[in-house]
Amino acid sequence: MTIRLFNSLTRSKEEFVPREPGKASIYACGPTTYNYFHLGNARMLVVFDMVRRYLISKGYDVTYVQNFTDVDDKIIKRAAEEGCDPFVLARKYIDEYFKDASALQILPADVHPKATEHITEMIDIVAKLEEKGLAYNIDGDVYFAVEKFPGYGKLSGRSLEDMQAGARVEVDEKKRNPMDFALWKKAKKGEPFWESPWGQGRPGWHIECSAMALKYLGPGFDIHGGGGDLIFPHHENEIAQSEGCLDGEPFARYWMHNAFITINQEKMSKSLGNFFLVRDVLKKFSGNVIRFYLLGTHYRSPLDFDDEKLVMASKGLDRLKNSVRLAQEALAKVLPDEEPFFEDDLIAAARLARKSFEEAMDDDFNSAQAYSALFDLAREINTYLTKEIKQPFALTEACNTLQELGQILGFDLQAEDEISGEEEGKLSQVMDLVLDIRKNARKNKDWATADLIRDRMKEIGIVIEDTPDGVRWYLK
RNA sequence: GGCGGCAUAGCCAAGUGGUAAGGCAGAGGUCUGCAAAACCUUUAUCCCCCAGUUCGAAUCUGGGUGCCGCCUCCA
């Protein structure tokens, strides 16, 4: 089965044919590190992490590159406000990035290049563009001449005339064309700078991605991803710069852009100030839940945010996890059968789930639709568990399939198990005691005590459930 | 002004020509001391409105209405 994905460049779904068979190269525009990342950033990160995981699950040898913009106006400004060194500030938020990313089950990229570590490569590109007449230096500022690049506007679907007609930008008198953009910025007083052929300065924003993508993935790499607001000007400019110095080769083959998260139907953004930091949302909901919420909508559809949506996501995820837990509980009670297994409905259901899941994901990474395969399988497992005859083999197969498919989307469906080792042993002993006391209470029909124990334990995060076969407990 | 997107049940959300996935919530039932979990049944004669194309449209075309995004830093 081949993957079809929506290419922003052609505005249509295309079959994914990688540059090299069996391999996939992805470059994702990561965050500018001047703060903890917010839910909007999280959506982009989770979406491309999901794309990466799915490609890996399909057998591709994936190289995933995600940059950190660690020098730019906002970082400098923020550092000045806090009275610290911009590099120290950027470094701090890069470290913090990995904490939140890990909570959201976002795997580290194969390469996490930083802009400040690729100044030489950027200077090389700017120099080459200048040499080719696509860039010009004015008093230490180097601009890209958009008129000299015929394909300018092909990604965002607009012509230079359109853009100038609607330009709200304050025209920089130095530019030859108002749409020309900075490749290299002359250093201002107190700002960090590097030596260059044009004097002391720092790179423009767009050039870093060109330099790093070309360095680690080379021309014509497979997928370039990012948030939809990067289409213009950032990605448009990346294409211009990169292809401007590439002699006819394409920069990236497929462009993928995720839609935004909105708050009350309005875009969540740093400039509007209506953003939620992942760090804060994690205080109320687990990373797994946030991720489940984020992937519950197709990546190209807008996604509105409020706590209620996370509560819904949390309950849905619980359903999946309950199913895995119940299956494992049942498996623990029966001995593995030594009889040869036979085809039964559950085995068929597991196969069907895998197939439906793959069909959904092959179609432009439709994770929302893939969810239904997960839920369908969970129901099949649960129903199977109510039956008299249970094949351990079938149950194992179905449970493994459910967990495996969940894992492809980055969900850990294994029950929470934060306590380990020695402490777990102690907890078990305490629980044995507590449940023993409760059992006695129930025996004496002392429902008040029995219910009090159950309620209080639930508040602590330990769920107690009575079943016909006895009591069960688990951490939540 | 230019370019683009979206509108599906109480809520969330798939589906892009063949007669409405899935989740949450709700209702009834089974189980239970009660609960929880789970299971079974049930919940959109209809997909913003109006025309049109078609044997057939939520899905295509045209026209409305509403909402949103990009065109400036933003995932």
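Each chain gets a letter, A, B and so on, in the order the sequences are listed, and its residues count up from 1.
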If only side-chain N and O atoms count, and only distance matters, is there a donor-acceptor pair under 3.5 Å linking A/T262 with A/D304? yes
In terms of relative ring orientation, are A/F251 and A/H224 parallel, tilted or perpendicular, with 30° and 60° separating the classes? tilted
Out of A/Y93, A/F37, A/F98, which one pairs with A/F68 under the ring pair (Phe, Tyr, Trp, His ring centres under 6.0 Å) rule? A/F98
If I pick the C1' atom on B/rG26 and the same atom on B/rG63, what distance separates them, to the nearest angstrom? 39 Å
For A/V111, give me all partners under side chain to side chain contact (heavy atoms under 4.5 Å, CB included), at least two apart in sequence or on another chain. A/V65, A/P113, A/Y216
So A/G40, base contact, sugar-phosphate only, or nothing? Heavy-atom distance under 4.0 Å. base
I need the CZ-C1' distance between A/R158 and B/rC3, as an integer number of Å. 6 Å
Scan A/L230 against the nucleic acid and name what it touches under 4.0 Å (heavy atoms): base, sugar-phosphate only, or nothing. sugar-phosphate
Please list, chain by chain and in numerical order, all residues satisfying side chain to side chain contact (heavy atoms under 4.5 Å, CB included) with A/N274, sequence neighbours excluded. A/I263, A/E266, A/M268, A/L272
Taking only side-chain nitrogens and oxygens of A/T383, does any of them come within less than 4.0 Å of OP1 or OP2 of B/rC40? yes
Protein-nucleotide distance (A/Y371, atom OH; B/rC24, atom P), rounded to Å: 13 Å
Measure CH2/A/W205 against C1'/B/rU72 and give the value in whole Å, please. 11 Å
NA contact type, A/L45, heavy-atom cut-off 4.0 Å: base, sugar-phosphate, or nothing? nothing
Tell me yes or no: between the side chains of A/H257 and A/H235, is some donor less than 3.5 Å from an acceptor? yes
Nearest-Å distance for atom pair CZ/C1', residues A/F232 and B/rG5: 18 Å
With C1' as the reference atom in both, quote the distance from B/rA9 to B/rC47 in angstrom, rounded to an integer. 10 Å
Applying side-chain hydrogen bond (donor to acceptor under 3.5 Å, both in side chains), which residue pairs with at least one partner in residues 30-39 of chain A are found, sequence neighbours left out? A/H38-A/N41
Rounded to the nearest Å, what distance is computed from the CD atom of residue A/E359 to the P atom of nucleotide B/rA21? 16 Å
Considering only NZ, NE, NH1 and NH2 on the basic side and carboxylate oxygens on the acidic side, decide whether A/D318 and A/K476 come within less than 4.0 Å. yes
Distance-only check: which donor-acceptor pairs under 3.5 Å involve side-chain atoms of residues 372-381 of chain A, not counting sequence neighbours?
residue	atom	partner	partner atom	Å
A/S372	OG	A/Q369	O	2.8

Distance between the C1' atoms of B/rG5 and B/rU53, in whole angstroms? 25 Å
Starting at CG of A/D49 and ending at P of B/rA75, how long is that distance when rounded to a whole Å? 18 Å
Kindly write out the residues that satisfy side chain to side chain contact (heavy atoms under 4.5 Å, CB included) with A/F260, not counting sequence neighbours, or none if the list is empty. A/D229, A/K267
Between B/rA7 and B/rC48, how far is it from one C1' atom to the other, in whole Å? 6 Å
Map A/R11 and A/N41 onto RNA chain B by nearest heavy atom, then report which one ends up closer to the 5' terminus. A/R11
Given protein heavy atoms under 4.0 Å, the one-letter contact record of nucleotides 7-18 of chain B, with B base, S sugar-phosphate only and - none, is simply ----BSSSS---
May I have the distance from A/L352 (atom CG) to B/rA21 (atom C1'), rounded to whole angstrom? 12 Å
Check whether the side chains of A/Y474 and A/R325 place a donor and an acceptor atom closer than 3.5 Å, and report yes or no. yes
What integer distance in Å separates A/E236:CD from B/rG4:P? 14 Å
Contacts of A/L326 that satisfy side chain to side chain contact (heavy atoms under 4.5 Å, CB included) - sequence neighbours left out: A/N382, A/L385, A/R472
Enumerate, in order of first residue number, the stems that involve RNA chain B, defined as 3 or more consecutive Watson-Crick or G-U wobble pairs with both distances under 3.5 Å. B:1-7 with B:65-71, B:10-12 with B:22-24, B:26-30 with B:38-42, B:48-52 with B:60-64
Pairwise C1' distance for B/rA25 and B/rU65, with rounding to whole Å: 30 Å
Got a sec? Which of residues 65-82 of chain A come in under 4.0 Å of RNA chain B, heavy atoms? A/K74
Sugar-phosphate, base or nothing in reach of A/F260, heavy atoms under 4.0 Å: base
Protein proximity profile, nucleotides 25-37 of chain B - base contact B, sugar-phosphate-only contact S, no contact -, cut-off 4.0 Å on heavy atoms: S-----S-BBBBS
Between A/R379 and B/rG23, does any side-chain N or O lie under 4.0 Å from OP1 or OP2? yes
For the P atoms, the ones on B/rU59 and on B/rC70, what distance do you get once it is rounded to whole angstrom? 28 Å
Where at least one partner belongs to residues 149-158 of chain A, residue pairs that pass salt bridge (charged side-chain N to carboxylate O under 4.0 Å, His left out), sequence neighbours excluded: A/K154-A/E243
Using the C1' atom as the reference point in each nucleotide, state the distance between B/rG15 and B/rA57 in Å, no decimals. 13 Å
On the 0 to 90° scale, with breaks at 30° and 60°, tag the A/F292-A/Y371 ring pair as parallel, tilted or perpendicular. parallel
Once salt bridge (charged side-chain N to carboxylate O under 4.0 Å, His left out) is applied, do any residues pair with A/D432, and if so which ones, sequence neighbours excluded? none
Do the numbers put A/R253 on top of the ring of A/F221, so that NZ or CZ is under 6.0 Å from the six-membered ring centre and no more than 45° off the axis? no
Just checking A/A373: base, sugar-phosphate only, or nothing, at a heavy-atom cut-off of under 4.0 Å? nothing
C1'-based separation of B/rU72 from B/rG56 [nearest Å]: 49 Å
